[in-house]
**Student:** 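I'd like to ask you about the structure that follows.
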Amino acid sequence: MNLAYFLSILVFSPLLGILVLSFLPKTQESLIKTVGFLATIPALVLSLIAYFQYRAGASLDQLNEKVSWIQFGDSSQLGNLFSIDYELGLDGFSLIMIVLTAVLSTLAAIASIHIKKEWKGYFMLFLLLEVGMLGVFAAENLILFFIFFEITLIPTFFLIGKWGYFEKENAAYSFLIYNGLGSAVLLIVIMVLFARTGTANIDALMAAMNSDNPQLVAPISENMKMGLLIALLIAFGVKLPIFPLHSWMVRVHVQAPPSIVMLHAGVLLKIGAFGLIRFGMGIFPEQFQSLAVWLAVLGVVNLLYGAFLAFVQTDFKMVLAYSSISHMGIVLIGLGALNEAGIQGAIFQVVSHGLIAALLFFLVGVFYERVQTSNIQNLGGLAKGMPITAGFLLAGAMASLGLPGMSGFVSEFMAFLGLFKEMPILAAVGTIGIIMTAVYLLRAVLGITYGKAHRDFAGITDLKKFEYVPVLVLVGLIVLIGVYPSVLSEPLTSTLETIMLGIGG
Amino acid sequence: MELWNLYQNNYLIVFVFLCLGVLLPVVALFLGKLLRPYKPYDSKYTTYESGIEPFHDSRVQFNVRYYIFALMFVIFDVETVFLYPWAVAYEKLGIFALIEMLIFVFMLVIGLVYAWKKKVLKWI
Amino acid sequence: MDLETLLSYEWGIMAPEFIILGVATALTLMDLFMPKTQSRKILGWVGFAGILAALVSLLGLIGHGPESILLDTFRLDSFAKAFKLLLLIGSALVLLIAISYEPNEGLEEFRGEFFYLFLAALLGAMIMSSSGDLITLFVGLELLSISSYILAGMRKRNQLSNESAMKYVINGSIATAITLFGMSYVYGLTGTTNLKEMAGFLTSVYNEQHIYLLGLAFFMIVVGLSFKLAAAPFHMWAPDVYQGAPTPVTAFLSVVSKTAGFIIIIRILFSIFANAPSGDVQGLPMILALQDYIAFLAGATMIIGNVIALRQRNIKRLFAYSSIAQAGYLLVVIASMSLFMFDTLWFYLGAYLFMNLGAFAIIQHVTHKSGSEDISQFAGLYRRAPFLAIAMAVFLLSLAGIPGTAGFIGKLNIFMGALVPSEGHYVLVSIMIATTVISYFYYFGVMVQMFFRPAADTGKVKIPVALTAVIGISIAATILFGVAPNIAFDFLQGNFNQFTDFFQ
Amino acid sequence: MVEELLYSEAGLLNFGIFFLLATVLLLVVLGFVTYAILAERKIMGFMQLRHGPNQVGGRWGLLQTVADVLKLLLKEDTIPKLADRPLFILAPVIAFAPAFMVLATIPFTDKLQFADIGVGLLYYIAISGLTTVGIVTGSWASNNKYALLGGMRAAAQMISYEIPLVMSVLGIVLLTGSLNLNEIVEAQKNGWFIIWQPIAFIIFLIASTAELNRVPFDLPEAESELVAGFHVEYSGFRWAFFMLAEYVYFFAMASLTTVLFLGGWLPLPFLDFIPGAVWFALKFTAVIFVLVWFRVTFPRIRADQLMEFGWKVLLPIALANIFLTALLKEWLSIF
Amino acid sequence: MSAVPVQAYLALALILFCIGLYGALTKRNTVMVLISIELMLNAVNINLVAFSKYGIMPSITGQIFALFTITVAAAEAAVGLAILIALYRNKKSVNIDEMDAMKH
């Protein structure tokens, strides 16, 4: 694990696939699909290597990379001020996120088999998206973070707009505008910090913002810090999404192709949580503390609102979309609790929901591909035609509603544990959401699998061989986390310690 | 002070000439009005058109060449705006100004050649 | 002035200008004496070669220290060198676009003129960039303007072209008159037209009335010059002129002419008003006292440009508003007056040059065949010409400021400059970012056409060599400066010495 | 006395005195015009082996022009219905006033001069250009096709020949370094400019003929084509003022030629006992004679030839002459 | 000795300029607009010449500047008229408000 540029290779490995793809003729469907799939493998392998090495006790610091990149102004006078370096690095949290990304990307590449047209363009964009997602988590520098963040935006826009369903362009536009605004706000925050401190390195910023006698280019008042944090909250709130900023996300989940939704729900939404934890808590710990209550309240609102709306939906995709909103509420609740259990719960929820959502959307994709509908009514009795699919669907739902022994349970439990310690009443209200989750998920899934059959599902093939791969992997991981949470908690220890140190907990 | 007076007087003379130049026609025409007969009838006041009834508006559209000549005139007249001060101050300015002026006039000559080649200077 | 003084001048520092002048003259004569039937394309190539020669000679001058000749009317400082570089590169690309411009009607016998008028306009811009005197600045400005007027109306038998030229002349002349009026006051207060002497003299003006007059002059100069930038309040000509003018001319106006506008605005404002007292109690120099005014213009320009662009269906109009918006971004640089101002302006203008010219090369190619400039002409471009579509996408992304492109680094730079001063320009930055997001709508609208919509005509597209070169260079530069901007920044730092000689 | 007057403060009194003096000049000019017309007719007559006017005022027809003027004064004045009345009335004034104004700066001798302004030559050129406006105004106001056509032609011709005219005198300005007509005359002590500037002289002579709308450049009034050109609708004394303007210009142009090229009042060597005024008169008469001679001798040239001659021949030669002069001055330092 | 104070020249120039600006912005006829623009430029000339004689620091530069302004104004007018002629040939109108071929 002393390979130079290990992280760069990890992050940019999908580019190799793009390169190869660009030389392939458009008509070679299976070849393109194979290449597209294979291109996700290096990142997966490398990230797993990193993970296991880390578990084996290697330090992540040796992965850090730093190459000087942009220097604004005259370096002879300004020194290192206003320089932006290309710096990548990992800590436990980001390592987990990268592993998650790599796994889900590979699985989504398998799920992309269902894509019907223009595979070449699709896979090129897909791989670009993967670069962006990997980069976001590996960036050690706010501006680099932002760049990767924006890089995820463009491919997603096209992937939704071109390969989605009926209202794909609307969905793509609302995705673009909401996220564009979000990233714009994020950019303001980043630029203010950069202009005021002269650095964009996250560690340096953390140090500068939390020291008593900071070396700043221009002063940053307390009010400004608060303003910046709120802006940050808005920026990541769009991504997460937090209650009033969520409408785009529902549209995207319904209209985008299933493989992209897997990534979107599994990884892209999590960037919001990741950003809040890393930057919100890391750079503005004091301000974050004073906002924590509101965050928890927002979390509960998200949880209840999402759950309620999920309950009234007739389309299974909509149910899942609102369920995502609801589950993101749990992340917020965990963060709002501001104690170790809560934050750990939030992070667990991030990973766990990533896996569960990916599983469920993959399954939706599977049966949508066969029956061309995702309406719960029309799907009634699916278990007759596709018993295995139905079975996994039920498993996914169970994981999602927090059945003990699966990942959902661990995360929800910890998050609420955290909140009960701090704000018992709020937590009590929040538990209603958990119950509602169980209700709407079971209603929907049971409606699909064992509900009244409206049509004959005979002649429909169940899961094909290759479709087993994602399903099994995801279910496996969900269960693994559920029964052996330390796969996650151990790598997180050091990150959590740092955070707790910052917020004085 | 004296020079100032001289200066003013000289322009006063110019002004006097202007007044006279305007006055003479005015006075003469006024005198003529007293002397000349006045016997109007309609056909006296028609527009002359070789004896036939005038037709159409006489303010016809003109060949565009007239305008182009006007533009050419403007351009070359402006050239003289620079040539005159230069010529007057030539002794003080010397060779430098000569070269500058040569370049300037050369550019204008290109303009002339341009107009020539584009057959602007051809009349009708 | 005798021969000795004359020969003691270092005429070599004017070499780029002389080359352009010489080539323009030679082209005129060649055009006149060439047989009618012969293709005029060769003139375009000669002009291109001339610009390259000027570029080479300019690069040769880069190590040259600051120097001024002709009683300080011609000044070669790093500012001049840096921005001349942009002008020359921009014009070279424009000329390449113009070489491949073959409209259906209206340009036949004027092809030759097309090329040397570009050179004349370029010469005007270059003179502006290294002028140290109000009169030469003005003459340069007008050389540029008048050539552009004619260029806009080059398609003599095309009504749109006529109309656009007429509007351009009228607006331009009004703007000129306003600028001049402002200049006349500045002259009246100082009794000289030399920028340095003016600045020196103005530091000692303390008469209340004079300061008032100076403020009026400042106002008028800024308003008048905003015309060249196509910035508020003088932006209304841009959409019509951009639409009606031949596409290469539109490209020229949107890039070279705009760059020249920023050059003159910086030359005048920062030379004359940098040290003039503003008469307020804190003893701020005038330029700082009136900073908010520029900031207001910048904000208004960005909002107008980006919001109205949303409604456009004609691609050239769309780009007109886009370029208005870009002028607004650039005005933010001037309004923020940070220590990065020159670098930022230079970099952004450079980035803008490549991305916009590349886009115009494609626009010209896509629109000229069908004659229609509706946005729907781009439908299905990805199928017909994937290279063009991807290139266009890159340019649009860069214009929108998406990372990975030069436009992003430029914007980053602008934000930084605006936020560095201790009272950061938060409002301005917020407007800029918000309008940038608005701009996604129309930039992505074009992309939606290219990638999502089916093509009406599925015929393959053949791109002329010159256009391919422009697109290739532009896309390479856009991405290169987006990924490795330090190439440009190091060049800037290494050769132009922080523009310190601008004020000396 | 005049010196004192000039150095005294400008006021109403001065105005009155100048007015009187100018009136005297006006009368002289009118007298000149009267007899110039007669002389012209006589010379033409002789050259064409005719008698010319010989009825009114004795054998020489001395009162012929006077009678003509009186006739014009008594003629009925008609203004066409369709004409633009105010402009129609204004046009002769605009045409005539500059013609008289230019006389203000011409030095007849070193003493006999009205306004000695520094930019005399420029003044002459600038003011004389205004007449074109009068002509175009008249032709436009007449609302007559012939008039308009004639007026446009006149304008085109006058502006076309104004350029070579203006350029040709630049050589002289170069040599003297002044626009003051007195100084120009003084500078000719070493030799008249007709010797130093022969090319300029020829150009000037041709261009001035054209400016005067005289044969062979009398296209604007070409009777055979345009009836009478721009003044076809004018009659009586209004018409007379156009004619008057033309002849006053004749006077002025001849004076200017004398001043610029023939050394003004300067005498020939060894003949300086003859007063300057006489010299001036002699030279002036010679110029007048040459111009009349032209009229008799040359046929009218075609319109297209006229314009092309001005732009393609006279203008380049005039430009070349300027630089030739400048170079000569630089290298030979002749002055 | 100057009987006329510099303020008078400046006021005249300003008034002329405003008239020109008004005309340029309101007139329908393009020729009138061009004339109005000339008026504005001439106002500038008045300013420059007045300043060159009665300014705070009188200098000849103002007159030189005025010469350049005149030249440029002439060139501008020439180009403007030429374009107007071309436009008139195609459109048979010189009215500003009829120039509306381009709308969004």
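The model shown is predicted, which means the values in this text are computed figures rather than measured ones. So you know, we letter chains A, B, ... as the sequences are listed, proteins then strands, and number each from 1.
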**Student:** Name the option with the most non-hydrogen atom pairs under 4.5 Å to chain D; the candidates are B/L31, B/D77, B/L112.
**Tutor:**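 Top option by heavy-atom pairs under 4.5 Å: B/L112.
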
**Student:** To the nearest 0.5 Å, how far apart are CG in D/L244 and CG in B/L24?
**Tutor:**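 Those atoms lie 6.5 Å apart.
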
**Student:** To the nearest 0.5 angstrom, please state how far the CD1 atom of D/I163 sits from the OG1 atom of B/T80.
**Tutor:**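 Rounded to the nearest 0.5 Å, the CD1-OG1 separation comes to 6.5 Å.
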
**Student:** Just so I understand: if I count every heavy-atom pair under 4.5 Å between each of B/A87, B/C19, B/A28 and chain D, which residue has the most?
**Tutor:**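 Heavy-atom pair counts peak at B/A87.
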
**Student:** Any side-chain heavy atom of D/S178 sitting closer than 4.5 Å to one from B/V88?
**Tutor:**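 No, their side chains stay 4.5 Å or more apart.
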
**Student:** Chain D heavy atoms under 4.5 Å from B/F15: which part of the residue, side chain, backbone, both or neither?
**Tutor:**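 Only the side chain of B/F15 comes within 4.5 Å of chain D.
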
**Student:** Check B/F76, B/W116, B/F73 against D/W311 for a ring pair (Phe, Tyr, Trp, His ring centres under 6.0 Å) and give me the one that passes.
**Tutor:**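 With D/W311 as partner, B/F76, B/W116, B/F73 yield a single ring pair (Phe, Tyr, Trp, His ring centres under 6.0 Å), made by B/F76.
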
**Student:** Would you indicate whether D/L12, at its atom CG, is surrounded by more than 12 heavy atoms from other residues, nucleotides or ligands within a distance under 6.0 Å?
**Tutor:**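 Open.
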
**Student:** Side chains of B/L18 and D/F100: does their closest heavy-atom pair fall under 4.5 Å?
**Tutor:**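 No, side chains not in contact.
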
**Student:** Heavy-atom distance under 4.5 Å between the side chains of D/F19 and B/L23, does that happen here?
**Tutor:**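 Sidechains of B/L23 and D/F19: in contact.
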
**Student:** Nearest 0.5 Å please: distance from the CD1 atom of D/I117 over to the OH atom of B/Y11.
**Tutor:**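 The CD1 atom of D/I117 sits 4.0 Å away from the OH atom of B/Y11.
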
**Student:** Where does D/R302 contact chain B at under 4.5 Å (heavy atoms): side chain, backbone, both or neither?
**Tutor:**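 When you check distances to chain B, no heavy atom of D/R302 falls under 4.5 Å.
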
**Student:** If you compare all heavy atoms of D/A326 against all heavy atoms of B/Y90, which two are closest, and at what distance to 0.1 Å?
**Tutor:**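 Shortest heavy-atom contact: O-OH, 3.1 Å.
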
**Student:** Given that the side chain runs from C-beta out, which part of B/V22 has a heavy atom under 4.5 Å from chain D: side chain, backbone, both or neither?
**Tutor:**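 Both the backbone and the side chain of B/V22 come within 4.5 Å of chain D.
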
**Student:** Picking from B/N10, B/I13, B/V16, what satisfies side chain to side chain contact (heavy atoms under 4.5 Å, CB included) with D/F114?
**Tutor:**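 Among the candidates, only B/I13 passes.
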
**Student:** For the residue pair D/L175 and B/E91, establish whether any side-chain heavy-atom pair is separated by less than 4.5 Å.
**Tutor:**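 With C-beta onward as the side chain, the pair stays apart.
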
**Student:** Could you report the tightest heavy-atom contact between D/F241 and B/P25, atom names first, then the distance?
**Tutor:**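 In terms of heavy atoms, the two residues are closest at CZ-CA, 3.2 Å.
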
**Student:** Could you give the distance from CD (D/Q157) to CZ (B/F69), rounded to the nearest 0.5 Å?
**Tutor:**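 Between D/Q157 CD and B/F69 CZ, I get 11.5 Å after rounding to 0.5 Å.
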
**Student:** Checking D/I125 against chain B: side chain, backbone, both or neither under 4.5 Å from a heavy atom?
**Tutor:**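 Interface part for D/I125: side chain.
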
**Student:** With chain B as the partner, which of D/I159, D/L73, D/V173, D/L74 has the greatest number of non-hydrogen pairs under 4.5 Å?
**Tutor:**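 Among D/I159, D/L73, D/V173, D/L74, the one with the most close pairs to chain B is D/I159.
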
**Student:** So which of D/L122, D/L121, D/D116, D/L315 has the largest heavy-atom pair count under 4.5 angstrom toward chain B?
**Tutor:**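 Ranked by contacts with chain B, first place is D/D116.
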
**Student:** Heavy-atom distance under 4.5 Å between the side chains of D/L26 and B/F17, does that happen here?
**Tutor:**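 A side-chain contact under 4.5 Å is absent here.
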
**Student:** Can you tell me which of D/I89, D/V166, D/I322 forms the most heavy-atom pairs within a distance under 4.5 Å of chain B?
**Tutor:**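 Going by pairs under 4.5 Å, I would pick D/V166.
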
**Student:** So what's closer than 4.5 Å to chain B heavy atoms on D/V119: side chain, backbone, both or neither?
**Tutor:**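 Interface part for D/V119: side chain.
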
**Student:** Using a 6.0 Å cut-off, check whether atom NZ of D/K75 has over 12 heavy atoms from anything other than its own residue.
**Tutor:**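 Counting other residues, nucleotides and ligands, NZ of D/K75 stays at 12 neighbours or fewer.
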
**Student:** Counting only heavy atoms from other residues, nucleotides and ligands, does the tally under 6.0 Å from NZ of B/K118 exceed 12?
**Tutor:**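 For B/K118, atom NZ is crowded (more than 12 foreign heavy atoms under 6.0 Å).
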
**Student:** Do B/L98 and D/F323 come within less than 4.5 Å of each other through their side chains, counting heavy atoms only?
**Tutor:**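 Side chain of B/L98 against side chain of D/F323, heavy atoms only: contact under 4.5 Å found.
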
**Student:** Tell me, out of B/L35, B/V113, B/V109, B/L102, who's got the most heavy-atom pairs with chain D below 4.5 Å.
**Tutor:**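 That would be B/L102.
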
